[in-house]
Amino acid sequence: MIEADGPTDEEIANATGDALQSLVNHPDPDVRASVTACPAITDDQLSSLLDPTTQPVTVRWAVALLPYPGISAVTAQDPHPVVRAAALSAWDLDDGLRTMLEADEKVAHACSALSGTMR
């Protein structure tokens, strides 16, 4: 949840340039996850939001759900199974990566947890 004094949905949706970059670098991970929906976000900004050494799972998962070409190839290799699970829904996921993820037990558990049907 974005704090009351944080940016509004409208501010996030309309951000460009330096304002958008400041949202990408915002200290609140909820803001960083929300900024993924901004139509002006660049590939470089999305790449920075996929960095597992600097971004929490919630931010990387938000990026993984985007329908942009090439994101699934990155998110399929993420260290966290929830992010890898999100890659399974991508329209452009390579068949080899899809097979790898479908055989990944941790991804299967993540999919079950996300769908509410724990095995």
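Atom set for the values below is all heavy atoms of this structure, side chains included, hydrogens, waters and symmetry mates excluded.
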Shortest non-hydrogen pair, C38 vs A15, comes out as SG-O, 3.4 Å

Distance, nearest 0.5 Å, that separates CG of D51 from CG of D78:
10.0 Å

Minimal heavy-atom distance between L88 and C111, with the atoms involved, is CD1-SG, 3.9 Å

Where the side chain of R32 meets the backbone of P27, is there a donor-acceptor pair that is under 3.5 Å apart?
yes

Can you get from L101 to W61 by hopping between Ile, Leu, Val, Met, Phe, Trp and Tyr side chains that sit under 4.5 Å apart?
no

Over all atoms of both residues, closest heavy-atom pair of L50 and Q55:
N-CG, 4.5 Å

If you compare all heavy atoms of L23 against all heavy atoms of P7, which two are closest, and at what distance to 0.1 Å?
CD2-CG, 3.6 Å

Shared hydrophobic cluster for L97 and V82 (ILVMFWY, side-chain gaps under 4.5 Å)
no

Given R84 and D104, is the side chain to side chain contact (heavy atoms under 4.5 Å, CB included) satisfied, shown in steps?
CA-CA 9 Å; R84 294 194 310 270; D104 185 329; 3.0 Å; yes

So which pairs with a foot in residues 35-46 pass side-chain hydrogen bond (donor to acceptor under 3.5 Å, both in side chains), sequence neighbours left out?
Q21-Q45, T42-Q45

Of all heavy-atom pairs between V83 and R60, which one has the smallest distance, and what is that distance?
CG2-CB, 3.9 Å

Closest heavy-atom pair, P81 versus A110, reported as atoms and distance to 0.1 Å, is O-CB, 3.7 Å

Using distance only, find each side-chain donor-acceptor pair of residues 65-75 under 3.5 Å and give its atom names and separation, not counting sequence neighbours.
residue, atom, partner, partner atom, Å
S72, OG, D92, OD1, 2.9
T75, OG1, I71, O, 3.2
T75, OG1, S72, O, 3.4

